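On a predicted model such as this, the values are computed, not experimentally measured, just so you know. Sequence positions, counted from 1, serve as the residue numbers for this chain.
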Amino acid sequence: MADAMASTAAPVTVPNGRLVSKPFIAVTAAALAFFLYVGILVPIVPTFIDEELGAGELGVGLSLASFAAAAICVRPVIGRLVDRVGRRTVMVAGCVIAGVAGMAGSLVGALWQLLVLRGLAGIGDAALFIGAATLVADLAPPDRRAEAASYFSVAVFGGLGVGPILGDVILGDDQYGRAFVIAGLVSIGAAVLALAVPRHVVPAPTGPQADVAELPPRRGIARIMHPAAIGPGFVLASGIAGFAVFTAFLPDHARDVGLAGSGRIFAAYSVVCLLLRFVAARWLERLGTRRAVSIAFTTLAAALGGLALVPQPWMLWVGAVLVGVASAFLYPSLMALTVNRASERERPMAISSFTMFFEVGNISGGVVFGVIAELASKRVAFGSAVGLCAIGMWVLLTWVVPVVARRRAADPALTPVACD
């Protein structure tokens, strides 16, 4: 381990055109381990709140809110720390904070205590994700950043997919103390893996550099949210809110249409998403942001509309496949677009701002459409969420990557605009 730390103390120079390297594998391995920890707690925390603390659905909702709110609040600070103290330091610190919070769950006797710990876990999650995503962007050639983001997201969603299965096994016969401790140790293990990643990366000296617009000094909200992330982030939030509606209401909807559960539906969605993100990663650069994200919104709208209009078991399977396709095509291209529009110096802040929209989408989708589902029905919520896809598509095509961007990119006298 000492040798690994010594080998990563100095900045790493990325070979021209090469994506998969030892540092790239190291950062994705650390992310996989960390999100395995996050996934393990997915089935454990809600049942612990309900059965052990007696806080019911309100307590579960507050737990989700405390995690997301803490992650949102610290992201601007973490974006600066990633550049000042290094990617590796922030990743290790995030894993340790989340791991300690996880293990401390075994000592909880009241809801407020768990909410504090979930807030700390949200801080750790934000630190790990921003540090790792920034490092992945550093390591990727400029023309392969969407592909790199796709591979990286395989580690993220792989951990989130396998983690709940392990969580159920570890929990066993309501062994909550053991489950919290084991989950925390997995996060500490991710910290150990993160020690093998480089602290800083030096771009290849002769590699092609992405065109970026040098931004003037920022004021107001732009001081905490990078302008390059606002447009892509809003589009991302629209899609994430639609995914939140799907994941939140699918379990009850599955029982309403006659299925015993939704586990296999979610498994189908996860398999499609992961396979496409791995197999089709190279397609993203060829498709470009406009086409890739348009595919995402089209398939997501078809899935949500189908669930609203066709209350049949077969539609759930079709919807799961369509949502898996949408998930695979939405995030990587928007992440690459954000990175390419920011200077190297401001890259951590841009990624921090962009990833903030994950929580924004989850919270807004869950709250707004939760009210719609309560007042009307889950099918009405599914149908209403199609509007999110229309809004996201409109912002994408008229603001983020409009057709005029092609002409701007071809004219050096105009401000460079990243386009498909």
Problem - Among Leu334, Leu337, Val293, side-chain contact (heavy atoms from CB on, under 4.5 Å) partner for Val401 - result: Leu337

Exercise for the section: Identify which one of Leu160, Asp168, Ile165, Ile170 satisfies the side-chain contact (heavy atoms from CB on, under 4.5 Å) criterion when paired with Ile40. Expected result: Ile170

Exercise for the section: Assign the ring pair Phe34 / Tyr37 to parallel, tilted or perpendicular, where the plane angle (0 to 90°) is split at 30° and 60°. Expected result: tilted

Exercise for the section: Would you sort out whether Phe246 and Leu307 count as a side-chain contact (heavy atoms from CB on, under 4.5 Å), showing the intermediate values? Expected result: CA-CA 9 Å; Phe246 173 79; Leu307 291 172; 3.8 Å; yes

Considering only heavy atoms from C-beta outward, does the side chain of [X] approach that of [Y] to under 4.5 Å?
X      : Y      : value
Met335 : Leu330 : no
Arg347 : Val82  : no
Arg144 : Leu284 : no
Val339 : Phe354 : no
Met225 : Phe357 : yes
Ser150 : Tyr331 : no
Ser294 : Met393 : yes
Tyr269 : Ile265 : no

Would a distance-only check, ignoring hydrogens and angles, find a side-chain to backbone donor-acceptor pair under 3.5 Å from [X] to [Y]?
X      : Y      : result
Ser333 : Thr289 : no
Ser377 : Ala373 : no
Ser352 : Pro348 : no
Asp125 : Ala121 : no
Arg379 : Ala308 : yes
Ser66  : Ser63  : yes
Arg290 : Leu397 : no
Thr299 : Ala296 : yes
Ser187 : Ala98  : no
Arg277 : Ser327 : yes

Minimum-distance pair of heavy atoms, taken over all atoms of [X] and [Y]:
X      : Y      : result
Ala183 : Leu41  : CB-CD2, 3.7 Å
Ile49  : Leu111 : CG2-CD1, 4.4 Å
Pro76  : Cys73  : CD-O, 3.5 Å
His226 : Ala350 : CB-CA, 3.6 Å
Ala241 : Ser364 : CB-OG, 4.2 Å
Thr134 : Ile351 : CA-CD1, 3.4 Å

Practice task
Run the ring-centre check on His253 versus Phe382 and record whether the distance is less than 6.0 Å.
Solution key: yes

Practice task
Verify the ring-centre separation between Phe180 and Phe48: is it less than 6.0 angstrom?
Solution key: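 Yes, ring centres under 6.0 Å apart.
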
When rounded to the nearest 0.5 angstrom, what distance separates [atom1] in [X] from [atom2] in [Y]?
X      : Y      : atom1 : atom2 : answer
Leu322 : Trp317 : CG    : CH2   : 14.0 Å
Ser238 : Leu388 : OG    : CG    : 6.0 Å
Ile78  : Ile123 : CD1   : CD1   : 7.5 Å
Arg341 : Glu346 : CZ    : CD    : 14.5 Å
Leu166 : Leu171 : CG    : CG    : 12.5 Å
Ile240 : Leu300 : CD1   : CG    : 9.5 Å

Practice task
Could you walk me through whether Ile130 and Val90 pass the side-chain contact (heavy atoms from CB on, under 4.5 Å) test, one step at a time?
Solution key: CA-CA 8 Å; Ile130 294 170; Val90 171; 5.8 Å; no

Problem - CA sep, side-chain torsions, deciding dist, call: Leu114, Val45, side-chain contact (heavy atoms from CB on, under 4.5 Å) - result: CA-CA 9 Å; Leu114 184 65; Val45 170; 4.3 Å; yes

Exercise for the section: Before giving the answer on side-chain contact (heavy atoms from CB on, under 4.5 Å), spell out for Phe35 and Phe157 the whole-Å C-alpha distance, their side-chain angles and the decisive distance to 0.1 Å. Expected result: CA-CA 8 Å; Phe35 285 99; Phe157 283 89; over 6 Å; no

Practice task
Take atom CZ of Phe234 as the centre, draw a 6.0 Å sphere, and report whether it contains more than 12 heavy atoms from other residues, nucleotides or ligands.
Solution key: no

Exercise for the section: State whether the number of non-hydrogen atoms from other residues, nucleotides or ligands found under 6.0 Å of Trp283 atom CH2 is greater than 12. Expected result: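 Incorrect, the count does not exceed 12.
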
Exercise for the section: Apply salt bridge (charged side-chain N to carboxylate O under 4.0 Å, His left out) to Arg75 and list each qualifying residue two or more places apart in sequence or on a separate chain. Expected result: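 In terms of salt bridge (charged side-chain N to carboxylate O under 4.0 Å, His left out), with neighbours along the sequence ignored, Arg75 is linked to Glu359.
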
Problem - Pair Arg87 + Asp138: basic N to acidic O under 4.0 Å - result: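 Here Arg87 pairs with Asp138 in a salt bridge, since their nearest N and O are under 4.0 Å apart.
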
